[in-house]
Amino acid sequence: MKALHFGAGNIGRGFIGKLLADAGIHVTFADINETVINLLKKQQSYSVKIVGDGANHIEIVNNVDGLNSVNQDELLAKIQQVDLITTAIGAGVLKIIAKPLAQGLLARIQQGNTQPLNIIACENMVRGTTNLKEHIFSHLSEQEQQLISQYVGFVDSAVDRIVPPVEANAEDPLQVTVEEFSEWIVDETQFKGDIPNIPGMEQTDNLMAFIERKLFTLNTGHAVTAYLGKLAGYQFVKQSIDDENIKQQVKAVMQESGSVLIKRYHFAPAAHAAYIEKILKRFANPYLQDDVDRVGREPLRKLSYNDRLIKPLRGTLEYQLPHTMICKAVAAALCYTNANDPQAVELQQTLATEGVMATLAKYTGLEDQAILTEIAQAYAVLNN
Ligand SMILES: NC(=O)C1=CN([C@@H]2O[C@H](COP(=O)(O)OP(=O)(O)OC[C@H]3O[C@@H](n4cnc5c(N)ncnc54)[C@H](O)[C@@H]3O)[C@@H](O)[C@H]2O)C=CC1
Ligand SMILES: O=P(O)(O)OC[C@H]1O[C@](O)(CO)[C@@H](O)[C@@H]1O
C-alpha cells in the first residue's frame with residue numbers, strides 16, 4: 001500500500017507519517033520545505049524521539065521519501081499511484097492544496113484508475129476532511145464531483161499528540177520529539193473500499209463525539225494555558241501550567257466545556273474528569289519545551305465560531321450551563337500579543353480601532369449582547 005502525506009512537519013513526521021510507515025505503508029511526504037524534502041529523498045528514513053515518564057527512546061521510521069509539492073507534475077503523477085492521502089499542514093492551508101488535488105483525482109479516474117482512494121485530513125478542526133472536500137469540489141463541475149464521489153472516500157478524523165517543534169539537531173535534522181500519548185480516530189462510515197489496517201488508527205461511527213471531546217478539552221485547555229501564561233509573562237506551557245492559579249483556571253474552563261460534552265454526548269462524568277486530569281499532566285510534561293506562542297498561534301482562528309473557545313461557550317448557552325471561566329478564557333485570548341503572528345497583530349489593531357464589543361462580534365460571530373458584554377467585562381479586568 002502507498003500513501004501520500006501533505007506536510008512533513010511535526011505531526012506529519014512525528015505522528016501520522018510514522019503510524020503509516022510503521023504499518024508497512026510506503027509514505028511519500030509532500031511539502032514546500034525544500035530542505036526537509038531533499039533530506040527525506042536522500043535518507044528515506046528519519047528518527048522520532050519519544051519522551052515522557054514512561055519513555056525516552058528513539059525509533060527509526062523507514063520506507064519514506066519526499067516530493068516538493070511545488071512540482072505539480074510530480075504531485076499529479078503521485079496521486080495516480082497511491083491508495084491513501086493524508087494531510088497535516090494547518091487548517092488554513094487545506095484550500096491551497098485543493099486545486100492540485102482536484103486536478104489529480106480527476107486525472108486519476110479519467111485515466112482508468114478506479115481503485116478506491118481515501119483522503120484523511122489530520123488538522124485541529126471539526127470535520128477537516130469535509131472542509132477539504134468542499135475546497136476540492138469548488139474546482140470541479142457537478143458531473144466531475146459525482147465521478148470523484150464514486151471512488152474517493154473523504155474521511156474525517158480527530159488527531160491528538162503533542163509534538164512541539166524542537167531545535168534542529170545538527171546531526172539528525174529530520175528528528176522530531178513527541179510525547180508518548182497518541183490518539184487518531186477516523187470516521188469508519190466514510191471510507192471507500194476496505195478500511196486499511198493501521199495500528200494506532202482507531203475507527204468509530206460516532207466521530208463528532210471524539211472530535212469535540214478532544215478539541216474542546218485538550219485544545220481549549222491548551223489555548224487557555226497559553227493565553228493566561230502569556231499574560232503572566234511565561235514563555236513555556238509547562239511554566240504556565242505549573243502556576244497553581246493558572247492550572248485551577250484552566251481546569252475550571254475544561255470543566256465548563258466538559259459539562260457541555262457530557263450533556264451532548266452522555267460521557268460518564270467520572271471518566272471525563274479523569275480525561276481532564278490526564279490532559280493537565282500532558283501539559284506539564286517536563287520533557288517537552290512547548291512555547292506559549294506556538295499553542296496560542298493564530299488567535300483569530302482560535303476565536304472563530306466553531307473553534308475551541310466559542311463553540312463550547314455556545315454549548316453552555318444552549319444547555320444553560322455555567323460559563324464564567326470560558327468568558328474569561330475568551331477575554332485572555334483577546335489580550336494575546338505577538339508581533340510575529342499576523343493574526344495577533346490584526347486582533348490588537350482591531351481592538352484599538354473598533355473597540356472590544358465590535359472586535360468580539362467580528363471574529364467570534366457571537367450576536368448575544370449579554371454574553372458579549374460579559375466577555376468585555378472580563379477583558380476590562382484582565383487588560384487593566
Ligand atoms: N503539533 C501538534 O502537536 C499538533 C498539530 N496538529 C495539527 O496538525 C497540523 C500540522 O501541525 P504541525 O505539524 O504542528 O505544523 P508544522 O508547521 O510543523 O507542519 C506543517 C507542514 O506543512 C507544510 N506546508 C505548509 N504549506 C504547505 C503546502 N501548501 N503544501 C505542502 N506542505 C505545506 C510546512 O512546510 C510544514 O512542514 C495543524 O493543523 C495542527 O493544528 C494536531 C495535533 C497536534
Ligand atoms: O495547532 P493549533 O490548532 O494552532 O493549536 C495548537 C494545538 O495543537 C496541538 O499542537 C495538538 O493538538 C496542541 O498542542 C495545541 O492545543
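As the structure lists them, so they are numbered: ligands from 1, and atoms in each ligand from 1. Here the structure is a predicted model, which is why all the values come from computation and not from measurement.
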N/O separation below 3.5 Å, [X] to ligand 2:
| X | answer |
| --- | --- |
| Asp290 | no |
| Arg301 | yes |
| Asn124 | yes |

Step-by-step side-chain hydrogen bond (donor to acceptor under 3.5 Å, both in side chains) determination, Thr177 to Tyr287: CA-CA 9 Å; Thr177 301; Tyr287 306 97; over 6 Å; no
Val237 reachable from Tyr234 in the ILVMFWY side-chain graph, under 4.5 Å edges: yes
Could you pull out all donor-acceptor pairs under 3.5 Å where a side-chain atom in residues 268-279 meets a protein atom, sequence neighbours excluded?
from	atom 1	to	atom 2	distance (Å)
Glu277	OE2	Lys251	NZ	2.7

Salt-bridge criterion met for Asp307 and Lys311 (N-O under 4.0 Å): no
Side-chain donor-acceptor pairs under 3.5 Å in residues 48-62, sequence neighbours left out?
from	atom 1	to	atom 2	distance (Å)
His57	NE2	Glu59	OE2	2.9
Glu59	OE1	Lys18	NZ	2.6

Identify, for [atom], the protein heavy atom at the shortest distance, and state residue, atom and that distance.
| atom | value |
| --- | --- |
| atom 15 (C) of ligand 2 | His222 ND1, 3.1 Å |
| atom 12 (O) of ligand 2 | Lys214 NZ, 3.0 Å |
| atom 1 (O) of ligand 2 | Arg297 NH2, 2.7 Å |
| atom 5 (O) of ligand 2 | Arg308 NH1, 3.1 Å |

Aromatic ring pairing Tyr46/Phe29, orientation class (parallel under 30°, perpendicular over 60°, tilted between): perpendicular
Enumerated ligand 2 atoms positioned under 4.0 Å from heavy atoms of Leu218: 12 (O)
Protein residues having a heavy atom less than 4.0 Å from any atom of ligand 1: Gly7, Ala8, Gly9, Asn10, Ile11, Ala30, Asp31, Ile32, Ser69, Ala88, Ile89, Gly90, Ala91, Val93, Ile96, Ile97, Cys122, Glu123, Asn124, Val159, Arg161, Ile162, Val163, Arg294, Arg297
Distance (rounded to the nearest 0.5 Å) between Leu94 CG and Glu123 CD: 5.0 Å
Nearest non-hydrogen partners of Leu313 and Cys327, listed with the distance: CD1-SG, 4.1 Å
With His323, the side chain to side chain donor-acceptor pair (under 3.5 Å) member among Glu256, Glu374, Lys328, Arg314: Glu374
Side chains of Asp187 and Thr189, donor plus acceptor under 3.5 Å: yes
Whether Glu123 lies under 4.0 Å from ligand 2, heavy atom: no
Contact check, Asn219 vs ligand 2, heavy-atom distance below 4.0 Å: yes
Sequence neighbours excluded - salt bridge (Lys or Arg N to Asp or Glu O under 4.0 Å) pairs with any residue from residues 154-173: Arg127-Asp156, Asp160-Arg282
Glu298, portion touching ligand 2 at heavy-atom distance under 4.0 Å: neither
